[in-house]
Amino acid sequence: MTSETPPRTRPGDDPELAHRTLESMWRIRRFEEAVDDLFARGLMHGTMHLSIGQEGSATGACLRLRQDDAITSTHRGHGHCIAKGASLERMMAELLGKETGYCRGRGGSMHIADTATGNLGANGIVAGGIPIAAGAALAYQMQGLDRVVVSFFGDGATNEGAFHEALNLAAIWSLPVIFVCENNKYGMSFSTEHSIAIAHVAERAAAYGMPGETVDGNDVEAVDQAVSAAVDRARRGDGPTLVEAETYRWKGHSKSDKNLYRTREEIAQWRTRDPIVAFEEAVRSRGTLDDATLQGIRDEAVATIRDAAQAANAAPDARADDILSSVFAEVAR
Amino acid sequence: MTSETPPRTRPGDDPELAHRTLESMWRIRRFEEAVDDLFARGLMHGTMHLSIGQEGSATGACLRLRQDDAITSTHRGHGHCIAKGASLERMMAELLGKETGYCRGRGGSMHIADTATGNLGANGIVAGGIPIAAGAALAYQMQGLDRVVVSFFGDGATNEGAFHEALNLAAIWSLPVIFVCENNKYGMSFSTEHSIAIAHVAERAAAYGMPGETVDGNDVEAVDQAVSAAVDRARRGDGPTLVEAETYRWKGHSKSDKNLYRTREEIAQWRTRDPIVAFEEAVRSRGTLDDATLQGIRDEAVATIRDAAQAANAAPDARADDILSSVFAEVAR
Amino acid sequence: MTLTQHPHGAPTESPQTGATMRELTYSEAVREAMAQAMADDDRVFVLGEDVGVYGGAFGVTGDLYQRFGGERVRDTPISELGIVGAAVGAAVAGMRPIVEIQFSDFTCQAMDQIVNQAAKIHFMLGGELSVPMVLRTPLGSGTGAAAQHSQSLEAWFAHVPGLKVVMPATPADAKGLLLSAIDDPNPVIVLEHKLLYRQSGPVPEAAERVPLGQSVVRREGADLTIVATGVMVSRALEAAETLSAKGIEASVVDPRTLSPFDADPVLESVAHTGRALLIQEAPSHVGFMAEVSARIAESAALYRLLAPIRRLCGLDVPIPYAPALEKAVVPQVDSIVREAHDLVQGS
Amino acid sequence: MTLTQHPHGAPTESPQTGATMRELTYSEAVREAMAQAMADDDRVFVLGEDVGVYGGAFGVTGDLYQRFGGERVRDTPISELGIVGAAVGAAVAGMRPIVEIQFSDFTCQAMDQIVNQAAKIHFMLGGELSVPMVLRTPLGSGTGAAAQHSQSLEAWFAHVPGLKVVMPATPADAKGLLLSAIDDPNPVIVLEHKLLYRQSGPVPEAAERVPLGQSVVRREGADLTIVATGVMVSRALEAAETLSAKGIEASVVDPRTLSPFDADPVLESVAHTGRALLIQEAPSHVGFMAEVSARIAESAALYRLLAPIRRLCGLDVPIPYAPALEKAVVPQVDSIVREAHDLVQGS
Ligand SMILES: Cc1ncc(C[n+]2csc(CCOP(=O)(O)OP(=O)(O)O)c2C)c(N)n1
Ligand SMILES: Cc1ncc(C[n+]2csc(CCOP(=O)(O)OP(=O)(O)O)c2C)c(N)n1
Ligand SMILES: [Mg+2]
Ligand SMILES: [Mg+2]
């Protein structure tokens with residue numbers, strides 16, 4: 001389907017938007033690289049799911065959201081978190097199991113939420129956040145607010161019953177929610193060529209009577225156009241949309257991945273479609289930002305992540321003493 | 001979609017087929033009336049879900065199945081059971097909690113299975129039988145058999161995650177299974193106008209890349225044509241189909257239903273579309289069967305059900321003494 | 001006797017506050033709690049299958065749809081996982097959802113949202129969010145609905161850190177505990193026994209809370225302590241009367257909240273009587289009464305035991321359909337009397 | 001001493017049949033069992049997420065895909081409910097599926113097919129059908145995967161009539177119990193602890209079955225009886241060595257099968273030592289060790305107790321992420337030593 005609203009300024013045509021877009025994408029890239037490095041050096045524990053290569057979909061989908069709009073995220077959620085504006089230091093602190101981390105060291109990489117920026121939480125359960133997003137959208141609708149919810153999930157998640165039930169609920173109640181499927185071609189090792197018998201995940205929208213659209217997830221402007229149109233519809237009360245952003249993860253699924261299920265060539269080919277490089281070229285060629293500014297943004301990202309990592313490192317470790325009292329929220333009334 | 005195979009003899013054109021079709025529909029009708037009566041008189045316990053008005057879909061879908069083809073059924077399963085050839089006496093005995101019942105009184109109305117006629121079981125869980133049907137079809141495929149599975153379920157069941165996951169599995173593995181949705185317009189009290197945002201359940205087939213077709217479920221010949229075409233495809237190894245049979249239940253959802261969610265007019269209007277009357281008129285007008293034969297079939301149904309009920313009634317009550325040893329199948333090896 | 005001084009000793013049947021009482025059925029009491037909470041607080045709403053014009057599978061929501069409208073008494077498709085997930089999302093976004101699941105057996109469909117999401121979000125997210133939702137669902141056998149519609153799964157929920165679990169045994173508790181559950185900023189599972197829905201009893205007119213986490217001593221007797229949950233509470237009390245006629249006096253303790261579990265009234269009663277009979281409808285193996293037994297066996301009350309602890313539970317079988325079989329697999333008044341009698345005479 | 005005559009006394013580490021033993025890791029032992037079963041019986045096949053070329057989330061299926069092909073080592077979409085349902089259907093239609101669920105936490109997605117279908121079909125259908133399927137899944141904490149990837153839900157499965165539940169603690173049992181599970185005509189849940197996958201031990205080369213429903217005494221000592229499951233068995237044995245150095249001798253009993261549970265070895269040992277310390281990783285409240293405690297407290301062994309029964313279990317909290325916190329919430333060797341020491345000295 002195509003959006004009913006006239007195309008809005010492309011992020012690459014507006015200096016301020018272009019700046020924010022690149023800043024977000026570079027911060028995600030550098031954050032993930034730092035995490036990768038910390039794991040490689042054995043300084044981080046647990047597991048991790050990096051979104052390097054997927055910076056375009058996270059950034060494009062969150063670019064024009066209001067701070068009071070909400071998102072639900074996934075196990076591969078660092079990018080969503082950063083794109084929505086979370087504190088890099090508190091994120092890094094969480095991954096390092098620090099008391100200053102978003103979850104006070106209780107959740108780690110897969111459970112970061114940030115109420116201040118409307119992040120209702122990453123999720124360790126594939127598709128676990130989708131019904132929660134529908135429910136949050138229901139709350140906003142009942143509260144008479146014009147807030148919307150963007151729910152991120154992967155291609156693999158669309159084979160879970162939770163996806164089906166949540167999209168149906170959102171459709172029949174025309175909830176203000178945008179379902180953003182980051183189709184990176186694999187659910188762990190299982191390719192979409194085998195896991196679904198259709199060409200595009202977006203075709204599943206028809207089963208719920210909701211619009212569905214497939215865009216190039218590595219074209220941050222295409223993602224912005226599709227999601228922004230869906231956001232307008234949702235705010236107007238015209239209900240949910242399924243947006244499929246086709247992208248690719250450069251790294252393995254998690255640290256234990258040996259990449260046996262895909263070829264070096266495939267990975268190399270997708271690396272040539274770097275969403276950041278593509279957008280930098282666009283803004284340069286359009287004369288929106290000059291080389292010096294671009295370099296400045298890159299340098300700032302490196303410095304910000306370095307500072308966040310240092311500050312996080314210096315923070316005290318998570319405390320165990322109040323662990324029993326952390327299970328339940330305190331009864332007010 | 002339309003079937004690739006040339007339309008086969010219509011059941012109403014062939015005396016033997018027409019006879020079997022009517023016999024099945026009348027037996028279902030009379031069986032359900034007898035059950036309704038036993039409940040009303042307090043002679044039966046638990047609950048019941050009658051399929052009066054839906055005889056066409058059960059009969060049409062099972063009409064040309066082989067005995068070694070399988071079905072999975074639902075809480076509203078008496079019709080499926082009868083259409084596949086189960087013993088009316090053992091069914092009635094089960095509902096009466098007798099030792100001679102299909103489940104030895106352990107299961108009741110919602111749990112009748114009959115391996116002899118390929119009935120893998122009714123199910124008290126909405127959509128519970130759909131993944132099981134896919135699994136049985138997988139078994140036949142792996143065993144190199146050309147058996148197919150017909151999975152019955154209602155419109156409401158298509159909103160369960162189990163429906164979604166099972167249809168996707170069947171599609172990607174092109175399993176020999178036919179998904180027959182008996183869309184009787186309501187899941188308990190909730191109308192399909194509210195529970196789904198699309199016109200036809202069959203549209204959901206597109207989400208799995210499988211053919212979907214909507215037919216008049218009260219036209220037993222239409223159901224036969226659609227299901228038989230799907231069965232041929234499945235046997236050929238061309239995978240699953242979703243067939244939606246539009247029908248209506250004349251009675252309440254269960255004994256506790258006060259019918260507050262629908263109008264008398266709606267019920268009356270659908271009663272004029274009686275699948276049995278319609279088929280009788282067809283075979284009479286086409287001269288396939290004469291009035292005497294038709295009357296004979298009706299009388300036989302009444303007698304058969306009466307005899308089944310009497311025999312069942314005379315049987316011993318279910319025994320409790322071996323209940324503890326009934327939980328597990330005995331270890332052979 | 002020490003038990004009478006015990007704070008939990010006060011029978012909840014009589015109003016703490018002297019408020020007016022009326023006879024209500026258990027389901028009327030549940031409905032009244034929901035109605036009063038919805039009238040008090042716009043954030044409270046009900047969602048579930050057929051809770052609207054149908055009035056609920058067991059008629060519990062009744063006329064709430066007519067009184068509060070379809071927005072706040074919301075019919076849903078048959079999608080338990082989606083419904084509970086929607087409630088979790090609505091709760092983190094500021095609402096106070098009450099989900100009705102038609103039969104507790106169908107919580108199996110929603111376990112991920114109940115256990116992996118609702119129960120863990122507050123802890124896992126370091127307190128960043130909480131999930132003030134209530135999940136109401138009927139459990140138990142006795143209606144001839146067979147194995148997939150008759151389970152008692154309270155032990156599962158009680159085993160999950162982050163869930164609070166209540167099992168009201170009287171109309172007054174059905175109302176008071178539900179009101180507390182709705183107030184609570186955490187997910188609370190309310191397990192209502194089908195056979196109780198039609199039982200009536202005195203219920204305060206006012207929106208009186210019964211605090212979560214307080215067991216209650218429903219009857220006092222010196223010879224043995226019976227601990228029972230749900231529908232087994234009234235069966236135990238009935239059995240106690242029969243036993244009394246035979247000169248055996250039983251104390252009957254009703255935990256009411258299974259998690260957090262208030263064990264003290266049980267331990268004090270057992271220390272006093274020296275005999276414990278633990279009764280649940282659920283299958284015996286790894287059920288809630290195993291926990292009650294363990295609490296006794298790791299406490300000082302162990303030294304006061306005059307006989308081994310006894311459990312009288314459902315058989316370790318699925319619930320069968322035929323009436324006689326269905327009755328035979330779960331404790332009944334006569335089997336309780338027999339067991340109590342053996343316990344007291346045998347020691 | 002009576003225990004040595006006990007049939008369960010024979011340590012499974014040494015082959016009953018004198019068959020050749022090799023050192024294998026726990027995951028190699030699991031894989032070997034599946035390979036031998038598939039080689040023996042065409043009906044046996046494996047399905048699950050990433051069990052194919054990836055070799056399984058924990059590498060357990062490894063090279064089975066290369067050896068048996070994608071038909072019999074079948075990758076599935078991320079659809080736990082559908083996968084288990086497909087296994088149930090395949091089982092009733094004559095196959096012998098082995099389902100792998102990547103983390104036991106995700107059985108929450110499949111509970112309906114496990115509990116309402118697989119566990120009940122044989123009983124509910126009057127024996128008309130049975131469900132010979134195996135569900136293998138890793139449980140437990142210690143990998144920094146946090147609350148949604150670290151649960152120990154064995155108590156849930158053990159509470160469900162119709163399911164058999166095993167928790168192998170050694171490589172030999174991992175192989176032998178899995179082979180018995182595959183033979184069994186009923187649904188069997190096999191709970192493998194992640195931290196055990198890399199532990200090695202002697203495993204018979206032959207396809208030797210370890211019968212379901214037999215507890216084993218792993219160590220004998222006169223001062224106390226430790227009952228432990230899964231990864232806690234090795235921790236208990238390690239603690240027992242430390243205690244031995246302090247002059248305290250512990251018996252260690254490993255139930256191995258949680259349902260049906262063979263309580264006799266526990267009761268006999270406790271009758272002998274007079275002290276019971278029950279250890280599990282799962283949260284304490286309504287966990288499996290509550291059942292073990294209840295079995296002791298309702299048996300004659302109660303009269304032999306020199307001290308109240310003790311449970312050392314996981315705290316009633318979700319599993320946290322940070323390494324120090326994660327360790328702090330479940331029993332470790334030193335806390336076992338401390339608890340055992342207190343128990344023996346304190347009485
Ligand atoms: C319910 C559930 N099943 C399985 C897993 C294990 N798992 C974690 S991520 C993942 C792949 C998810 O694929 P997709 O949804 O495409 O997201 P991607 O990893 O590609 O971003 C799997 C199988 C899980 N966390 N939750
Ligand atoms: C998982 C589950 N949820 C809810 C129910 C209660 N219930 C039984 S039948 C039914 C309606 C089913 O509607 P549909 O699938 O359209 O079948 P129909 O009754 O119309 O034949 C409901 C809600 C159930 N048995 N199982
Ligand atoms: Mg993916
Ligand atoms: Mg229907």
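In what follows, every chain begins at residue 1, and chains take the letters A, B, ... in the order their sequences are listed.
Taking each heavy atom of G144(C) and H45(B) in turn, the nearest pair found is CA-NE2, 3.1 Å. For the pair Y261(B) and V53(C), the tightest heavy-atom approach, listed with the atom from each and the gap, is CB-CG1, 4.0 Å. Of all heavy-atom pairs between L325(C) and A318(B), the closest is CD1-O, 3.5 Å. Closest heavy-atom contact between H111(B) and A146(C): CD2-CB, 3.9 Å.
Within a 6.0 Å sphere centred on NZ of K185(B), heavy atoms belonging to other residues, nucleotides or ligands number more than 12. Within a 6.0 Å radius of CD in E266(B), other residues, nucleotides and ligands contribute more than 12 heavy atoms. Summarising the local packing, NZ of K251(B) is surrounded by 12 or fewer heavy atoms from other residues, nucleotides or ligands at distances under 6.0 Å. Around OH of Y65(C), the count of heavy atoms belonging to other residues, nucleotides or ligands within 6.0 Å does not exceed 12. Summarising the local packing, CZ of R198(C) is surrounded by 12 or fewer heavy atoms from other residues, nucleotides or ligands at distances under 6.0 Å.
Within the 4.5 Å cutoff, the side chain of I323(B) has heavy atoms near those of the P320(C) side chain. Inter-residue side-chain proximity for V327(B) and P318(C) is flagged as met; some heavy-atom pair is nearer than 4.5 Å.
For a residue to count as touching a neighbouring chain, one of its non-hydrogen atoms must lie under 4.5 Å from one of that chain's; by this rule E80(C) touches chain B with backbone and side chain alike. Contacts between D317(B) and chain C at a heavy-atom distance below 4.5 Å are absent for every atom of the residue. Contact annotation for M188(B): both backbone and side-chain heavy atoms come within less than 4.5 Å of a heavy atom of chain C. At a 4.5 Å heavy-atom cutoff, F103(C) makes no contact with chain B through either its backbone or its side chain. In this structure, chain B has a heavy atom under 4.5 Å from the side chain of L315(C), while its backbone stays farther away. Heavy atoms of M44(B) lying under 4.5 Å from chain C belong exclusively to its side chain. At a 4.5 Å heavy-atom cutoff, the contact between D316(C) and chain B is made by backbone atoms alone.
Counting heavy-atom pairs closer than 4.5 Å to chain C, the top-ranked of the candidates L324(B), T47(B), I125(B) is I125(B). No other option in D257(B), N259(B), L260(B) has as many heavy-atom pairs under 4.5 Å with chain C as D257(B).
Here the side chain of H194(B) pairs no donor or acceptor atom with the backbone of D75(C) at under 3.5 angstrom. Judged purely by atom type and a 3.5 angstrom limit, Y321(C) has no side-chain atom pairing as donor or acceptor with the backbone of R104(B).
Neither side chain, N159(B) nor S79(C), offers a donor N or O lying under 3.5 Å from an acceptor on the other.
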Trace of the side-chain contact (heavy atoms from CB on, under 4.5 Å) decision for E160(B) with Q109(C): CA-CA 9 Å; E160(B) 284 282 3; Q109(C) 268 74 355; 4.0 Å; yes

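For the atom pair F190(B) CZ and I78(C) CD1, the distance stands at 9.5 Å (nearest 0.5 Å).
Taking the ring centroids of Y54(C) and H253(B), they lie at or beyond the 6.0 Å cut-off.
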